[in-house]
Chemist: 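Starting off with a structure, shown below.
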Amino acid sequence: MTPAARRRGSSIRLRLMLLILLVTIPVSAERLLSLFNQRSDQIADTELTLRNIAVRAALAQQEAFASATAMLEVLSRQAGLLLREPQVCQRLAERLNGEVVGIQGVYFASPEGRVLCASSRSAVGADISDKAYLARALTSNQPVLSDLARGSSTLSPLVLSKTDRDENGQPLAVVIVGLDLQWLSRIAAEAGAAAGVVVDVIDAQGTVLVRYPQTPDIVGRNFAGTPMVRATAARDEGNARVTGLDGVKRFIAFARFAGTDARLVVGMDDASILAPIDQEIMSSIVMHLTVVLGVLIVTWFAADRLVVQPIQRLAAHVAALGEGDAGADALQPDALGTVGVQEFEPLVRAFSDLGDRLSERTAALQSLNGRLAALARTDGLTGLANRRTFDVQLSEDWVGSREAERPLAVILIDVDGFKLYNDALGHLAGDEALRAVARMLLAAVAGTPYLAARYGGEEFVVLLPDSNLDTARDVGEDIRRLVLSLGIQHPGMASKRLTVSVGVAAAVPSETDSPDGLLAAADVALYEAKGLGRNRVVAYGGKPIG
């Protein structure tokens, strides 16, 4: 075999393999891109869930102070009089300590720091002059909350105090109310009720006060300077991905307890969140590479046997006949009857047929590319436009509305309690619910130039060109009623029915505004609808943000 023949054979094989790669690579890339998008969505959903848990727990902490603060205000106005009658003061302190929820001790002290009356008789006479909260109470006219710290003291690890003053402003007595710190454990247990959630309550110095699930070797230790403490110290609330106190990498959300420098940190092991999707991504990569490699190997040997070798044999016969090689019977001129010059006619026909087949494959590839392009514009679950399509259309409509000085409106829709729905009925039921909501969106915008799209997760969006706030609010109300009319049972909601919350915003675009500002305004309205009890439409009343 001549070098030229080998080069021609290699070229045919490489071209066939390249054709296979052109078919398989776009399909593989689309699948991997979809998996990476799912990974990003899962991270975003996890961060949002953890942040909601942390914020709700921090808000619940405020309730623990309400009754103690109210009682402190009343007692501080009568402290001077009560100390004149120690027996009455003692009985009152004991009764309040037993009856008021959240209280762990009531104490009346002199300005010098001597406990004169207390719910616990053993505390009478105790010297608390060295306590920082006493000094702060004597210099303030408002209730003072001590620092939250683990440990014991003469009264309580966490106290509220206020000073009773005479008409000249001089201190008469200091009332001190100890707080029952069991609420910390209850809040941590409630926040960490979900599987895999770890909750830490950390004071301003970095000491762990409470941990759920309980971990004795962590509670009471100081972790100042660790990545998690540094990440949570700079802000009142937020999200981060850091190494936890036990050395495990976690997604965390944190929020500060009102009135203190203590923070509640809620975390989930990032391996448990990302491992399944990462494994699926790796499996998909390995599967696609294996399939492509197998097809390429089969193509290489099949092309050599079925295409290259027959052409090489035919070329050898033609070359031998052209050289007049009479030494081999098979290559004698009369051997053309077996190899046959007429054999070139089938070869020509084969090339013609190959051209036809390539045309068919080109058409098939174009059709496949068309379907892939449609898939790139459409959400696979609901059939609505996807986020990318919406973003492109929003940019185009924004420019058009700005040039025409016409209004542009956006509606954001969020399925209420969708995680609870998934947890109760499973993801298949959740997917079906999202498809049902999508059908209602399509029904609401049927016959209009409006674009309905899936924004991400359980969120949807409608773009309304040439529409003002009133029109958008009416469309949003239609969507809310249509979803409610589905009558889908939702065991996790008080109404027992699947509902949506809707945020609406509209603006006439200007040179200084941006599409992101319009979306941010609709998101603010949606958040307000959630806060007002869900299953409602709220229109953003201010100027679009940004």
Side-chain angles (χ1 to χ4, degrees), residues 377-379 382-416 418 434 436-486 498-546:
R377 295 191 299 269
T378 305
D379 176 60
T382 63
L384 298 176
N386 60 18
R387 174 70 177 274
R388 183 186 306 166
T389 302
F390 169 78
D391 289 340
V392 172
Q393 191 63 44
L394 175 60
S395 298
E396 293 177 356
D397 286 351
W398 183 267
V399 174
S401 298
R402 183 178 62 199
E403 293 175 350
E405 298 183 350
R406 301 291 297 171
L408 180 65
V410 166
I411 302 174
L412 279 178
I413 304 105
D414 184 81
V415 180
D416 295 325
F418 187 69
L434 291 179
V437 172
R439 290 195 295 272
M440 294 302 99
L441 261 68
L442 290 174
V445 302
T448 70
Y450 306 154
L451 173 69
R454 187 180 182 192
Y455 198 63
E458 66 271 23
E459 284 191 324
F460 300 85
V461 64
V462 178
L463 181 64
L464 303 90
D466 200 19
S467 299
N468 57 26
L469 193 63
D470 290 338
T471 300
R473 185 190 293 112
D474 292 341
V475 174
E477 184 61 31
D478 288 342
I479 292 171
R480 186 195 68 79
R481 287 197 302 266
L482 285 170
V483 172
L484 188 61
S485 70
L486 289 170
L498 188 75
T499 59
V500 294
S501 295
V502 181
V504 177
V508 176
S510 68
E511 293 292 338
T512 59
D513 294 330
S514 73
D516 291 339
L518 183 61
L519 284 172
D523 190 55
V524 169
L526 175 60
Y527 185 83
E528 184 177 351
K530 290 285 189 182
L532 292 175
R534 302 184 176 90
N535 188 25
R536 63 189 66 235
V537 178
V538 172
Y540 182 80
K543 187 179 185 296
I545 301 168

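Computed from a prediction, not measured in an experiment: that's the story for all the values here. In what follows, residues are counted from 1 in the order of the sequence shown.
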Chemist: Report yes or no: does Arg402 contribute a side-chain atom to a donor-acceptor pair with the main-chain N or O of Glu405 at less than 3.5 Å?
Modeler: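 No, because the side chain of Arg402 does not come within donor-acceptor range (under 3.5 Å) of the backbone of Glu405.
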
Chemist: Which heavy-atom pair separates Ala472 from Leu464 by the least distance, and what is that distance?
Modeler: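 Of all heavy-atom pairs spanning Ala472 and Leu464, the closest is CA-CD2, 4.1 Å.
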
Chemist: State, to 0.1 Å, how close Ile411 and Gly476 come at their nearest heavy-atom pair, and which atoms those are.
Modeler: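 What the structure gives for the nearest pair is CD1-N, 3.7 Å.
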
Chemist: Can you give me every donor-acceptor pair (side chain of residues 518-535, partner residue at least two apart or in another chain, under 3.5 Å) with its distance?
Modeler:
residue : atom : partner : partner atom : Å
Lys530  : NZ   : Asp414  : OD2          : 2.6
Lys530  : NZ   : Asp416  : OD1          : 2.6
Asn535  : OD1  : Arg480  : NH1          : 3.1

Chemist: I'd like to check Asn386 versus Thr378 (side-chain heavy atoms, cut-off strictly below 4.5 Å). Are they in contact?
Modeler: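 A side-chain contact is absent here, since even the closest heavy-atom pair is not under 4.5 Å.
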
Chemist: Taking atom CZ of Arg388 as the centre, report whether more than 12 heavy atoms of other residues, nucleotides or ligands fall under 6.0 Å from it.
Modeler: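 For Arg388, atom CZ is not crowded (no more than 12 foreign heavy atoms under 6.0 Å).
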
Chemist: Assess whether side-chain contact (heavy atoms from CB on, under 4.5 Å) is satisfied between Leu434 and Glu458, documenting all intermediate values.
Modeler: CA-CA 7 Å; Leu434 291 179; Glu458 66 271 23; 4.1 Å; yes

Chemist: Is a donor on one side and an acceptor on the other found under 3.5 Å between the side chain of Thr448 and the backbone of Ala446?
Modeler: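 No, Thr448 side chain to Ala446 backbone: no donor-acceptor pair under 3.5 Å.
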
Chemist: Taking the side chain as every heavy atom from C-beta outward, state whether Asp466 and Pro407 have any pair of such atoms under 4.5 Å apart.
Modeler: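 Sidechains of Pro407 and Asp466: in contact.
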
Chemist: Between CG of Leu394 and CZ of Arg387, what distance do you get to the nearest 0.5 Å?
Modeler: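 These two atoms lie 10.0 Å from each other.
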
Chemist: Within this structure, what is the CG-CG distance for the pair Leu384 and Leu441, rounded to the nearest 0.5 Å?
Modeler: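 So the gap between those two atoms works out to 6.5 Å.
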
Chemist: Show, in sequence, the C-alpha distance, side-chain angles and deciding distance for Val462 and Val410, and conclude whether the side-chain contact (heavy atoms from CB on, under 4.5 Å) test is met.
Modeler: CA-CA 6 Å; Val462 178; Val410 166; over 6 Å; no

Chemist: Which residues pass the side chain to side chain contact (heavy atoms under 4.5 Å, CB included) test with Asp470, not counting sequence neighbours?
Modeler: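 Testing Asp470 for side chain to side chain contact (heavy atoms under 4.5 Å, CB included), a comparison that skips the adjacent residues, returns Asn468, Arg473.
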
Chemist: For a quick test of reading the model, state the closest non-hydrogen atom pair linking Val461 to Tyr455 and the distance between them.
Modeler: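 Scanning both residues, the minimum pair turns out to be CG1-CD1, 3.8 Å.
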
Chemist: Which is it for Phe460 and Ile479 under the side-chain contact (heavy atoms from CB on, under 4.5 Å) test, yes or no, and what are the steps along the way?
Modeler: CA-CA 11 Å; Phe460 300 85; Ile479 292 171; over 6 Å; no

Chemist: Identify the two heavy atoms, one from Leu486 and one from Val437, that lie closest to each other, and give their separation to 0.1 Å.
Modeler: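 Minimum heavy-atom contact is CD1-N, 4.3 Å.
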
Chemist: Ignoring hydrogens, what is the shortest heavy-atom contact between Arg377 and Thr389? Give both atom names and the distance.
Modeler: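 Scanning both residues, the minimum pair turns out to be O-OG1, 2.8 Å.
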
